[in-house]
Structures are given as structure tokens and as C-alpha cells.
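Read through the structure below, which is laid out as C-alpha cells, and then see the notes.
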2 protein chains.
Amino acid sequence: MAGKDQAGGGKAVTLTDVARVAGVSVATASKALNGRSQVAPRTRARVLQAAEQLSFVPNTLAQGLLVGRTGTVGLLTSDLQGRFVIPILMGAEDAFGAGRVNVFLCDARGDTIREQHQLKALLSRRVDGLIVVGSRTDARPSIGHDLPVPVVYVYAPSEDPEDLSLVPDNVAAGRLAVEHLISCGRQRIAHVTGDPSYAAAQDRVRGALEALDAAGLELVGEVMYSEWSERWGRDATAVLLERHPDIDAVLCGSDQIARGALDTARDQGRKVPGDIAVIGFDNWDEMVTNSRPELTSIDPNLQLLGRSAAQRVFAALDGEDLGRGVHTQAPRLVIRGSTVARR
Amino acid sequence: MAGKDQAGGGKAVTLTDVARVAGVSVATASKALNGRSQVAPRTRARVLQAAEQLSFVPNTLAQGLLVGRTGTVGLLTSDLQGRFVIPILMGAEDAFGAGRVNVFLCDARGDTIREQHQLKALLSRRVDGLIVVGSRTDARPSIGHDLPVPVVYVYAPSEDPEDLSLVPDNVAAGRLAVEHLISCGRQRIAHVTGDPSYAAAQDRVRGALEALDAAGLELVGEVMYSEWSERWGRDATAVLLERHPDIDAVLCGSDQIARGALDTARDQGRKVPGDIAVIGFDNWDEMVTNSRPELTSIDPNLQLLGRSAAQRVFAALDGEDLGRGVHTQAPRLVIRGSTVARR
DNA sequence: GAAAGCACCGAAACCCTTTTCGTTTCGTGT
DNA sequence: ACACGAAACGAAAAGGGTTTCGGTGCTTTC
């Protein structure tokens, strides 16, 4: 019996069934279950018991058909693999509250055709809103302009200024990192970062240069671009220490690069943070807490970003203006042992 | 105008609108769009053009209401943060094919109350099936027995043997790891692993001991349990090298522990893989490819697991028996520089 | 020329729930 | 005892799409 049910054999219980068992009309059953006032207490109790007994669950689809709202939101990501998407997704899910709104997750795998497919599917499901999440902070093509639902772009902004985009503030992040290094008494700061085609790399460089400028300092050497890997962090730092043995801080474009920097410093007998301070970006938990010493990093507050996106969609559903343009989320400095010696 | 649309102002286009524009009845419009045969080619063309012009998208909810199938599946996870869930999720999404089936993602945050809430919400959305994903391979309480849809448990099996569960085969993984070490000529193998309360730890130990036994070997020292961290990997390996300086391989319970082991070996001047071979579990990309040398690891094939789960749900929808009990997914050995010297 | 056949189209029912509005029943006041 | 008001309940429509069935107009055949 249980097996049959599990195989999907038993068709779902409808309000009609409940009404029949309770001996009332569907209208009364509906009113009783929804707490409307035009039902006698005894009748209500009978309906509730019948619903309980049949383990009735109202069909949200039929409700949505009537109300015109489905209580669902589509989350369209281009790269689920990437670790940036997850916190955003969690933040959004959080904001929507358990059970009231459900999230359709779609991964387009970075394929535009696929994305259009998914978009169509989501619209046919009559989602109330859309959140589009990218894996890079570079601008991406708009998903479309005349969509019948509000759309918010997160992490990767839309190229169209009419769209609303929420992104981490990487310029502020770069500034924050350098300001922290300076406040630790560092003066000779070098910068190793990743792929120069990434807006994130460029923005952080810009912020860093701004902060250095404001303090009357200059970067030691050129910005070293290559890839977002520990290997590059190790190699670049080795070169750096040879060319500029007097540096007292390495600003790293990501936590991975920073870990590489830490490894090279350790190999060469440079004390961190005594001789050299190291700082990274992303505040990627497994990276920052497992390194020696633990890594100071700039947290982009992705979860907040996801939550904001969800709230914006909500507000738009309630008739508020969605807004437009690119809005940034302030980063957060998390200080650990790689810049400040533990007491 | 575009702004108004984006705010959700323009209500969705219905089949009635298309029919009016095409100058036919809704019935004819429906048949034309769905490729039914009772429509004249010219009429069909007119309808298609009207649909195109209005960018009509059929309302899947209304369809589902009629057919009794929604083309949606609920994916209930207890811990989205964990990196094990993502590949499973991707595998499932993959198997469902873009657009045909959509996935409702729910994160219960490990809370049972919340999980029941989410379950109810999913059932009210009339999902066609459910996939329940845990973050540990330990058995978890069944989500319920008399559900009107097929349910598959992934990674964390259900305690109820009547339910269908798909889990990675950690015993085989332990065996595979040891067999590889032995095939590399290692004889004095030690084992450092994580939290002993995890079934994954125990299962891998069991598999490892089986393989050692089959080869007439014994583990060097006791299994060292503690936590799944690099720090523990470093500390444990240091102790190990002091107590048993003659070991030639460290079997590590996770890639993180293995990285710690590599670091300690390096610190103490032991060559890997020359003096000591190191192997991990999980094949976590960022861990295995960034270490020095790159880390040999056992891949649990999680993506396949997710895909299998989706396929099972599909099959159950087509009337096939869902099955019951715990089924295991064979692991895969990925050889890298930490056990075999690169040529 | 009339009857039969065929291709095509439209009206209406159905899915499930909510809501409006009309009907019934009861109690109370006169 | 009758009338009136209020409370409780039920019939029906709506929401969007699919499908069945019946009907229209055309062509074919004897």
C-alpha cells in the first residue's frame, strides 16, 4: 500500500473530496479552511477534521490561476559550479521565507541558447519574478526588456542601464584592503591578481590605487596579472620577492592567490605577518581558515546581495518601482592572522 | 513602456488573445500550436504568426491542472552550503533536460520543522517527484511514507528500508584507495581521517582494512580520527611521522586532510611521492589541483548520483516501480602526482 | 442532382480553488 | 404567530488551456 502510494499511484486529494467527507459544499469547505467568517464553528471543525484525515493539501496551481500570482521566483544562473552563486542563492531563499515563496533553480551552464530556453520555461510557469545570477562581475547581455515580470541581475550586471543590477563593490573592496594594510603600518605594497579580462580584477586594482594615492603612496612594481590560481600566487610571489625584496605587503586578487603567496613566503623563510602582510579577496571559508596563518580577506557580502535581490523582487510585486541601474553592495573586512599578529 | 512592463504591469498573454488576433477560436488556436492534425495549414500559419507576434507562452499551470502533471520536481536539501550538494543538484538538473522539467530548490538548513514546511509547500505545488539530499552519508529519518509522489533520497539514505536511497559507496572507495597505494608498491600505510561519528569515515576505514587484509597487510598504527580539516591533517601527519618514521603512504579521509598531510611532509623534507604517497577522498577540484604535488583522490561520482536520482523519479512517473533500499554508486580513482611521479 | 464523405472549425466541458451572490434556516422581537 | 434580520450554507462563475463532440461547408461519387 505504501509502496503504491510512493509510486505516485494515489492521485492527490482535492477540496471536493474534503467537502464530500465533511458533508458540505466545496464553497463552505474552502471558507472553513481559509478562516473566513461565514462558517459555523461546528461545521468548520468538521471540515478541518476531514482535511486532516485525508491529509489534504490545497493545490497552489489552481490558487495561482485565480489570483494571478504563483508565489514562485525563477533563479537563473549561468554557472552553478562556481562558488559565488551559492551564497547568493541562499540569501535569496532566506529572504523569501520558508514555504511562502518557492524558487525555481535553473542552470544555463553559460549557454545563451540554453538560457533562453530556461527563460521561456520559467515564464510559462508564470513565475512572479526573476533573479539572474552570473559568475563574473563583468556586464552581460540583458535577458530581454519586455518581460511580464520584474527581473533583478545579481553579481553580473546587465549591459542595459534600464535593468536593475546588484553587484559587489569591488572598487571599495580594493580600497578597503589597501587602507587596512596601511593602517597596519605597511608602506611597500605589491599587487598580484588574476585574469586581467575580469572586471573584478580591474575594479580592485582601481580601488587599491585610489587608496594608495590618497595616502601618498605608490604600488611597488607593476600589477601582476595572470590567472586565479594558487600556482600563480606562488610563482608571482617568488618573482616579486626576488625583484623587490623590500616589500612588506602583498595584496592578492583572490584568496587562492593569497594562499599561494603565503606558501612562497613560508618557503623562503619570510615571516607572515612579521615581515610581510598578505591579504586576499572573497573570504572563501575553506581557503582563509586552513592557511598558515589564517588569511585576512575582504568579504563581498554575497548573502546580503541575494537577500536584497529577493526583497527588490518582492517590492516590485507589491507595485513599487523596481528601479534601474547598477547598485553596489559594500564589502566587509575580516581580519585574521596574515595581517595582524595574534596576541 | 519598457519600465512599466518590467514592473510587472503588462499582464501575461493568454491563448484567448492569440485566438482573437488570429481570428479563430481558442480551440483551433490550441490545436494549431500543439501540432494536432485537424487544422488547415493556412490557419495554422496564421495562429503561429499571431502567437509569435504576441510572444505568447502557454500557461504551464493551466496545463498541469488539466493533465495532473506539472513537470516540476522538488529538491529538498538540508545543507546547501556543503559542497556535496552542488554536483548532485547539477546532475539532477542535467538529467531532467533544459526546460522540460524544472526544479524547485528548497534548503531546510538542517531544521526538521522547516523541512516539513517545505515539504508541504512542495506538495501543494503538486511536484511530480521529490529528491531529498543530505550533507552526510549517515541515515536520516524518512520524510514520510504515504506521500502522493515518488521520493528518492540521495547521499544521506533514509532510515526506512522501504524508501529508495542512492549513496556513494564509501567502502568501495576505501578499498579502491588502498588497492591503488598497494599497486604503487606501498606496504606501510597509515590512515588519518575525520570525525568518527560520520558514517563516511567509518565506511572508508572498513573498505581500507578489507583491502589491506586481502593483500596480507596491516595498517600502521591506529586509525587517527578527529576533524575534517587541513589543520588536523598537518598535526596528525606530524605525529605520525614521529611515531612511525618508516611509513610510505598516508591514506587521508578527505582531500582537506590530505592537503594538510602534504604540507607537513613538505615541511619535514619528505618527498612526495618519492618517500611518501598521499591520497585523499572527494576529488574536490580546488583542493586537488592546487596542492604540491597535485593530489590523487577518490571521486564519489556525485554528479552521476544526482542523475540517477532524477532518472529514477522519471521512471516512477512512467509507472515503473520506484524500488527500495540503499543503492550505492561506485567511486572512481583519479591519479595525480601525490602517488605517482610525473614522467 | 442528390447523397455521402471529408476537412476544418467552434462551443462547451473539464481541471481545482476562490469568491460573489443568492437561498435557506434559525432566532428574536413585536 | 408572524415578520424581519442575521447567520450559515450552496450554486455558479472565473481563471487559462486542452479535448471531445457536434456542426458547417465543401468535394466527390453514383
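The sequence lines fix the lettering, A, B, ..., with proteins before strands; numbering per chain opens at 1.
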In whole angstrom, what separates [X]'s [atom1] from [N]'s [atom2]?
X      : N      : atom1 : atom2 : result
A/R36  : C/dT18 : CZ    : P     : 10 Å
B/R125 : C/dC16 : CZ    : P     : 18 Å
B/L33  : D/dG16 : CG    : C1'   : 13 Å
A/N34  : C/dT20 : CG    : P     : 13 Å
B/D17  : D/dG15 : CG    : P     : 12 Å
B/R126 : C/dT17 : CZ    : C1'   : 11 Å
A/Q38  : D/dG5  : CD    : P     : 19 Å

Next item on the list: Scan A/T14 against the nucleic acid and name what it touches under 4.0 Å (heavy atoms): base, sugar-phosphate only, or nothing.
Entry: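 A/T14: backbone/sugar contact only, no base atoms under 4.0 Å.
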Margin query: Please classify the nucleic acid contact of B/A27 as base, sugar-phosphate, or nothing, using heavy-atom distances under 4.0 Å.
Written below: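 The answer is base, as B/A27 lies within the cut-off (heavy atoms under 4.0 Å) of a base atom.
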Notebook entry, point to check: Considering only C/dT17, D/dG17, D/dC9, which nucleotide approaches the side chain of B/L15 most closely?
Noted result: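 In terms of side-chain proximity for B/L15, the closest of C/dT17, D/dG17, D/dC9 is D/dG17.
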Next item on the list: Strictly below 4.0 Å, heavy-atom distances to any atom of DNA chain C: list the hits from residues 48-68 of chain A, or just say none.
Entry: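 Only A/F56, A/P58, A/N59, A/A62, A/Q63, A/L66 qualify.
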Is there a donor-acceptor contact under 3.5 Å linking the side chains of [X] and [Y]?
X      : Y      : result
A/R100 : B/H117 : no
A/S165 : A/Y155 : no
B/S142 : B/D163 : yes

Checklist line | Residue pair A/M90 / A/I86, side-chain heavy-atom distance below 4.5 Å | finding: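 Side chain of A/M90 against side chain of A/I86, heavy atoms only: contact under 4.5 Å found.
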Margin query: Measuring to OP1 and OP2 of C/dG10, would you say a side-chain N or O of B/S25 lies under 4.0 angstrom away?
Written below: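 Yes, within the criterion.
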Checklist line | Distance test, side-chain N/O of A/T28 to OP1/OP2 of D/dC9, below 4.0 Å | finding: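 False: A/T28 side-chain N/O out of range (4.0 Å or more) of D/dC9 OP1/OP2.
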Check: Quick one: the side chain of B/K31 and the base of D/dG17, do they pair up donor-acceptor inside 3.5 Å?
Finding: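 Counting by modelled atom types and ignoring angles, no donor-acceptor contact under 3.5 Å is found here.
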Next item on the list: State plainly whether the residues B/D111 and B/R109 are in salt-bridge range, i.e. N to O under 4.0 Å.
Entry: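 Salt bridge: no.
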Item checked: B/R114/A/D94 salt bridge by N-O under 4.0 Å criterion ->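 Salt bridge: yes.
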Next item on the list: Fit a plane to each ring of B/F104 and A/F104, take the angle between them on a 0 to 90° scale, and name the class: parallel (under 30°), tilted (30 to 60°) or perpendicular (over 60°).
Entry: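 Answer is parallel, since the angle falls under 30°.
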